[in-house]
Amino acid sequence: MSLNAFITKETLDGSDDGPLAGKTVAVKDNISTEGLRTTCGSAMLEDYVPPYDATVVELLKGAGATIVGKANMDEFGMGTTTETSAFGPTKNPVDESRVPGGSSGGSAAAVAAGEADLALGTDTGGSIRCPAAFCGVVGIKPTYGLVSRYGLVAYANSLEQIGPIAPTVEDAAALLDVIAGPDDRDGTTRDAGADSNYAAAADGDVDGLTIGVPTEFVEGADEGVEAAFWAALDELEAQGAEYREVSMPSVEKAVAAYYVIAMSEASSNLARFDGVRYGKSGGYDGNWNEAFARAREDGFGSEVKRRILLGTYALSAGYHDKYYAKAQDARAWVKQDFDEAFEDVDVVASPTMPVPPFELGESLDDPLQMYLADANTVPVNLANLPAISVPAGETDGLPVGLQLIGPKFGEETIVRAASAVEN
């Protein structure tokens, strides 16, 4: 089986002992690894070798893990299918005619296929949870600030988090225990995970748990996905939980707000890739402006160019208030809706993805279809909350994921609930 799950397959050994001794880990290729190529799935960084390790990589090595390669991804994290990678698409090990999800598709595919015991992905708008759902594995998007982003090649700083992908809830939680905690090199981190034991929370005890179900997250979902979702909730109810309907009207604006904010931040972050400071070297004839334009034309793929153009437009003098400022207002509305929901419920549940995995090539000619597929995942990033995707059944032989969202730094609650679904 050739899934193209890895861009680079080279081994980095960790210490001789630790909580991850004997475990192999795939690391998404936008996380810096000293001496080992970090391409972000882009021709722009095809030959880039970082001179340092990301904090999470240091922690993996210290915990005894063996890094077995850099996982394929959508270019600079921009995609939902892992088809925008300059190194070719990754296939879904469940059905090789389907995408594995994205942008952390290589990480999820490697775990689902048994090519790695565990993996690290990054989640800007669902990029851990989407491939976890599509590949039938577990993925955790931590609370913003729980895991250091030092050494992560930035896409959208205010939205993205590094998180674990694993075969089971307990394995994912154990990996989160290793990478969570404050970091002096990342001023956004908090000490909430410094003395964590998330793996111990995977005890399956949901007696008395109250689950909120926003109708806005379920409406429009594929029939088979919706059936699997309700069956999972019924099983949680049988184990002592209860669920009730909650309303989150802001969700209607979440996808539009997310893409305006994410693309705006991307246009700023990717400005450094000019062929001089970073990226594909110039060496082109003509003046600097021409060399700069050629480097970016040759180095970036079409989806990255699209997002840079849209983000630059949204930040321009005549349109900043019309688009970017309004998107930030919508973001505050999303957070408010979650805060109000958590006054009455312990977790919020939804299908992770409203549809089963796309067929390879299905969404490439229709970017809007790809953007809309993120409807259930992007609100979590806008509100900077934790969420987990856990397998919740199948539709037509394809995996369906259940998403459980918790309040800020409520990782233990979502781990506990997800382990009950798994059991």
Side-chain angles (χ1 to χ4, degrees), residues 121 123 125-134 136-144 146 161 163-166 168-173 176 198-199 201-218 221 225-226 228-246 248 251 334 337-339 341-342 344-354 374-393 399-423:
D123 194 310
S127 290
I128 287 174
R129 291 160 288 156
C130 165
F134 278 3
V137 293
V138 177
I140 300 176
K141 182 266 171 195
T143 303
Y144 186 83
L146 184 67
Q161 272 288 267
I165 296 174
T168 70
V169 173
E170 185 175 1
D171 285 342
L176 183 60
Y198 299 121
D203 58 13
D205 182 8
V206 292
D207 190 33
L209 186 80
T210 304
I211 303 167
V213 181
T215 55
E216 297 88 350
F217 281 70
V218 183
V225 169
E226 186 175 349
F229 168 72
W230 289 115
L233 288 190
D234 288 342
E235 178 57 35
L236 286 171
E237 187 177 45
Q239 295 183 53
E242 63 172 287
Y243 61 86
R244 65 182 65 160
E245 184 179 312
V246 297
M248 298 190 64
V251 168
V334 170
D337 273 358
F338 273 115
D339 288 344
F342 286 125
D344 299 317
V345 302
D346 299 308
V347 298
V348 170
S350 77
T352 306
M353 300 299 290
D374 297 333
N376 290 358
T377 55
V378 297
V380 175
N381 299 76
L382 290 172
N384 295 142
L385 298 176
I388 188 169
S389 179
V390 59
V400 174
L402 170 69
Q403 176 177 238
L404 296 165
I405 307 163
K408 198 171 186 178
F409 298 112
E411 276 77 4
E412 288 187 2
T413 302
I414 60 173
V415 164
R416 181 168 288 111
S419 66
V421 176
E422 185 178 64
N423 292 337

(request) Indicate yes or no for a side-chain donor-acceptor contact from N376 to the backbone of M353 under 3.5 Å, with no hydrogens or angles considered. (result) no
(message) Rounded to the nearest 0.5 Å, what separates atom CG in L404 from atom CG in L402?
(response) 4.5 Å
(message) To check you understand the geometry: which heavy-atom pair defines the closest contact between G126 and P131, and what is its length?
(response) O-CD, 3.9 Å
(request) Starting at OH of Y243, measure out to CD of E237 and round the result to the nearest 0.5 Å. (result) 5.0 Å
(message) Using only atom types and a distance under 3.5 Å, with no angle test, would you say the side chain of E422 pairs donor to acceptor with the backbone of V169?
(response) yes
(message) Can you tell me how far apart CZ (F342) and OG1 (T413) are? Round to the nearest 0.5 Å.
(response) 9.0 Å
Could you pull out every donor-acceptor pair under 3.5 Å between side chains of residues 136-143 and any protein atom, sequence neighbours left out?
residue, atom, partner, partner atom, Å
K141, NZ, L385, O, 2.7
T143, OG1, F409, N, 2.9
T143, OG1, E411, OE1, 3.3
T143, OG1, E411, OE2, 2.8

(message) With rounding to the nearest 0.5 angstrom, report the NZ to CG distance, K408 to D339.
(response) 9.5 Å
(message) Side chains of S350 and Q403 only: does a donor on one sit below 3.5 Å from an acceptor on the other?
(response) yes
(message) Show the nearest heavy-atom pair for residues I128 and P164, with the distance to one decimal.
(response) CG2-O, 3.9 Å
(message) Do V251 and V334 make a side-chain contact, defined as non-hydrogen atoms from C-beta onward lying under 4.5 Å apart?
(response) no
(message) Can you confirm whether I405 sits close enough to P386 that some side-chain heavy atom of one is under 4.5 Å from a side-chain heavy atom of the other?
(response) no
(message) For the CD atom on E170, are there more than 12 heavy atoms of other groups (residues, nucleotides or ligands in this structure) within a distance under 6.0 Å?
(response) no
(message) Test of understanding: with side-chain hydrogen bond (donor to acceptor under 3.5 Å, both in side chains), list the residues that count as partners of D123, not counting sequence neighbours.
(response) R129, N381
(request) Give a yes or no on whether the backbone of D207 and the side-chain of D205 come within a donor-acceptor separation of less than 3.5 Å. (result) yes
(request) Taking E242 for its side chain and L209 for its backbone only, find out whether a donor-acceptor pair lies under 3.5 Å. (result) no
(message) So which atom in G125 and which in D374 form the shortest heavy-atom distance, rounded to 0.1 Å?
(response) O-CB, 4.2 Å
(message) Just so I know, are the side chains of V400 and F229 near enough to count as touching, which here means a heavy-atom distance under 4.5 Å?
(response) no
(message) Tell me the closest heavy-atom pair linking D346 and P407, and the distance in Å.
(response) O-CD, 3.5 Å
(message) Testing the basics here: between V225 and P351, what is the closest heavy-atom pair and its distance to 0.1 Å?
(response) CG1-CB, 3.7 Å
(request) For the pair V345 and I211, evaluate side chain to side chain contact (heavy atoms under 4.5 Å, CB included) and give the outcome as yes or no after the intermediate values. (result) CA-CA 6 Å; V345 302; I211 303 167; over 6 Å; no
(request) Calculate, to the nearest 0.5 Å, the distance between atoms CZ and CE belonging to F217 and M248 respectively. (result) 5.0 Å
(message) Please identify which of these residues, S389, P391, C130, meets the side-chain contact (heavy atoms from CB on, under 4.5 Å) condition with T352.
(response) S389
(request) Go through the steps to decide whether T210 and R244 satisfy the test side chain to side chain contact (heavy atoms under 4.5 Å, CB included), and finish with yes or no. (result) CA-CA 8 Å; T210 304; R244 65 182 65 160; 3.7 Å; yes
(request) Taking all heavy atoms of A387 and all of V380, pick out the closest pair and write down the distance. (result) CB-CG1, 3.8 Å
